[in-house]
Amino acid sequence: MSEALAHLEEIVDHEREHECEGIGAKRLCVRPVSVAVLPTRFGDFHIVAFWNNRDGKEHVAILRGDVVGREDVPIRMHSECLTGDALGSLRCDCRDQLEAALRKVGSLEFGAVLYLRQEGRGIGLINKVRAYALQDRGLDTVEANRALGFRDDERDYAIAAHMIFSMGMKSVQVMTNNPDKMKQLQDLGVRVTGRIPHVMPPNAYNRFYLETKAARSGHFIDFSGRAHLPEQAEPVVVEGMPEP
Amino acid sequence: MNTVFPLDPHPGVLVVGAGVAGLACARDLAHKGIPVTLLDRGRGVGGRCATRRIEGQPVDHGVAFLHGSDPAFLDAVRSVPGATILDGWPSRIEGTGTPCQPDAFAPGERRAAYAEGVTAFPKMMAAGLDVRLVTTVLAMHPDGALWRLDLAGGGTARARFVVLALATEETLALVDGLPPGDLELEGARHLLRMVASSVPCLTVIAGYPADAPAPAWDVAFPETSMILKDVVHDSAKRPDPKWTVLVIQAAARWSRQHAGEPVDAWTQGLLAETARLFGEWAAHPTWTQVRHWQFGRTESGNELAGPLVVEGAGGRTLGITGEVFAEGGGVEAAWTSGRLLAVRLAERTKG
Ligand SMILES: Cc1cc2nc3c(=O)[nH]c(=O)nc-3n(C[C@H](O)[C@H](O)[C@H](O)COP(=O)(O)OP(=O)(O)OC[C@H]3O[C@@H](n4cnc5c(N)ncnc54)[C@H](O)[C@@H]3O)c2cc1C
Ligand SMILES: [Zn+2]
Ligand SMILES: [Zn+2]
């Protein structure tokens with residue numbers, strides 16, 4: 001067994017009874033429950049599955065190398081997107097973003113992708129499909145999308161922060177194009193020592209980002225004429241993209 | 001035209017619906033110094049948080065208990081002056097059927113009721129607010145930079161800011177008549193149609209002599225019944241009850257199928273099923289009352305993340321809120337959705 005895996009197993013063992021007051025306004029607590037090796041097409045990782053005190057969503061950390069007790073761990077927060085991540089939907093960029101994150105972390109000595117399970121409740125997959133349906137009818141208005149607001153960033157940050165503490169990471173570098181993400185984590189007590197821009201390689205599906213003309217009031221219209229909803233709560237950056 | 005208010009137009013916000021959502025919104029606006037008036041067709045506040053006094057004994061015939069996990073909501077629930085809180089009620093659960101609110105027993109969720117009846121909560125929220133009861137809004141119209149509400153009995157009321165804090169279907173009844181053309185309003189209307197999913201609930205309140213064999217549970221969720229959603233042992237909430245009282249709530253499908261029948265028919269149907277499950281004594285109450293909730297609970301999966309604010313010509317603004325406009329459903333969601341709307345409206349009334 002690798003040293004990294006041994007460290008993670010120690011943590012799972014040590015946290016067996018963990019249930020704290022919770023983090024953030026929503027008082028979220030997570031507990032690492034099981035760990036295993038996870039070889040992927042993007043590199044070799046460990047996967048840690050978490051319990052939480054709110055719902056049946058099993059959040060996971062995909063870890064590269066030994067992060068326990070480490071400083072400056074590169075991390076990427078990714079919010080689950082069934083349609084994009086698993087089904088390869090072209091209505092959003094989630095899959096490209098996830099792949100870019102796994103490739104990047106997989107190429108490093110150590111790092112983590114925190115995969116946050118958001119979808120599945122009222123606010124989640126059902127409302128995302130509703131948002132798509134409104135879009136199909138040309139009724140994807142600002143207010144309707146806001147009410148459908150299928151993202152709960154606050155919850156994401158609290159869970160991510162707790163995962164970082166649970167895994168014993170001493171400080172992190174956040175892979176993001178949204179500096180606000182760093183601040184949100186800092187406010188929850190995470191030591192953030194830097195930001196790593198999250199840049200996706202260009203491919204057949206995200207080429208339109210490279211044409212400034214494609215942007216309509218901050219929304220990018222893809223080749224099929226649809227706006228890409230900002231499902232990962234940060235601006236997309238494709239390699240070679242002109243500055244906004 | 002005959003306006004019912006001394007000030008026309010109303011200088012602040014008119015809130016239609018004094019259920020928990022409308023009250024929460026109005027209260028926060030009033031705290032910020034914004035003039036608010038609530039209009040409700042009912043004889044009391046609270047909407048589906050409803051308590052009747054029967055022979056001197058309070059009976060909750062809508063919401064059976066409050067539940068939530070938001071610390072601010074739980075604080076509000078615990079700080080109702082003069083009310084005896086029953087922290088943790090219901091604690092004795094019978095059956096494994098789905099609770100009325102599927103989340104009510106999720107980890108982190110707290111439950112409570114009041115010995116005085118569940119309306120203690122909305123009554124506390126209404127204290128000090130300008131509430132016009134027995135005032136039904138029949139229709140609304142754009143009127144220049146204002147909204148005009150037509151009231152039953154012939155009156156009208158006008159304001160730049162109107163809030164609808166109703167069941168989704170009741171909101172749709174008012175906004176469906178508005179002229180088309182405004183894209184934001186169309187988006188909102190379409191969204192409301194997508195989430196309109198209130199299910200009906202036929203309810204029988206049954207009173208038995210206090211020496212009847214009172215059940216050993218607070219709430220039953222029978223898993224094997226196609227007829228009953230739940231049975232609430234209401235008198236278990238009352239100190240020294242004169243009557244043993246069951247509140248028998250029918251399943252949505254059964255309610256839909258039987259709503260058109262004479263009241264006696266469905267009352268007997270619900271009593272017979274209760275007796276089948278819990279004992280013959282339950283078939284013969286000393287007295288009964290009924291309530292037909294046309295828009296009862298919202299089907300889960302239809303919750304939105306926050307309220308809608310639609311701005312029209314001249315700053316005329318319509319806010320739409322209610323239990324579906326926050327996560328989780330139920331009273332906590334109604335409360336949260338009303339407060340979220342107050343935050344957004346307060347920004348605008350100042351500007
Ligand atoms: C049988 C039943 C059991 C339930 N049990 C629970 C439970 O145990 N726990 C829980 O948390 N939730 C429960 N719920 C759900 C809960 O009642 C609702 O989520 C919550 O009360 C909704 O609050 P609201 O303010 O959004 O709407 P409402 O309470 O419906 O308020 C709307 C108000 O608007 C008024 N109104 C409507 N139309 C007009 C008009 N045209 N003009 C003027 N006024 C109008 C109505 O009179 C009402 O007062 C239950 C619901 C039912 C029906
Ligand atoms: Zn914890
Ligand atoms: Zn996506």
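For the numbers below, each heavy atom of this structure counts, side chains included, while hydrogens, waters and symmetry mates do not. Just so we're clear, the structure is a prediction, and the values are computed from it rather than from any experiment.
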Inset, instruction - For atom CZ of B:F105, decide whether the heavy atoms of other residues, nucleotides or ligands shown that lie under 6.0 angstrom number more than 12. - result: yes
Inset, instruction - Could you list the residues that satisfy side-chain contact (heavy atoms from CB on, under 4.5 Å) with B:P71, not counting sequence neighbours? - result: none
Legend entry - Donor on one side chain, acceptor on other, A:D85 and A:H78, under 3.5 Å: yes
Inset, instruction - Answer yes or no: is there a side-chain heavy-atom contact under 4.5 Å between A:V12 and A:V33? - result: no
Inset, instruction - Using the ring-ring contact (aromatic ring centres under 6.0 Å, His included) rule, collect all pairs that involve residues 13-36 of chain A, keeping only residues at least two apart or in two chains. - result: A:H18-A:H162
Legend entry - Residues of residues 161-184 of chain B near chain A, each having a heavy atom less than 4.5 Å away: B:L183, B:E184
Inset, instruction - Tell me, please, which residues at least two apart from A:F50 pass ring-ring contact (aromatic ring centres under 6.0 Å, His included). - result: none
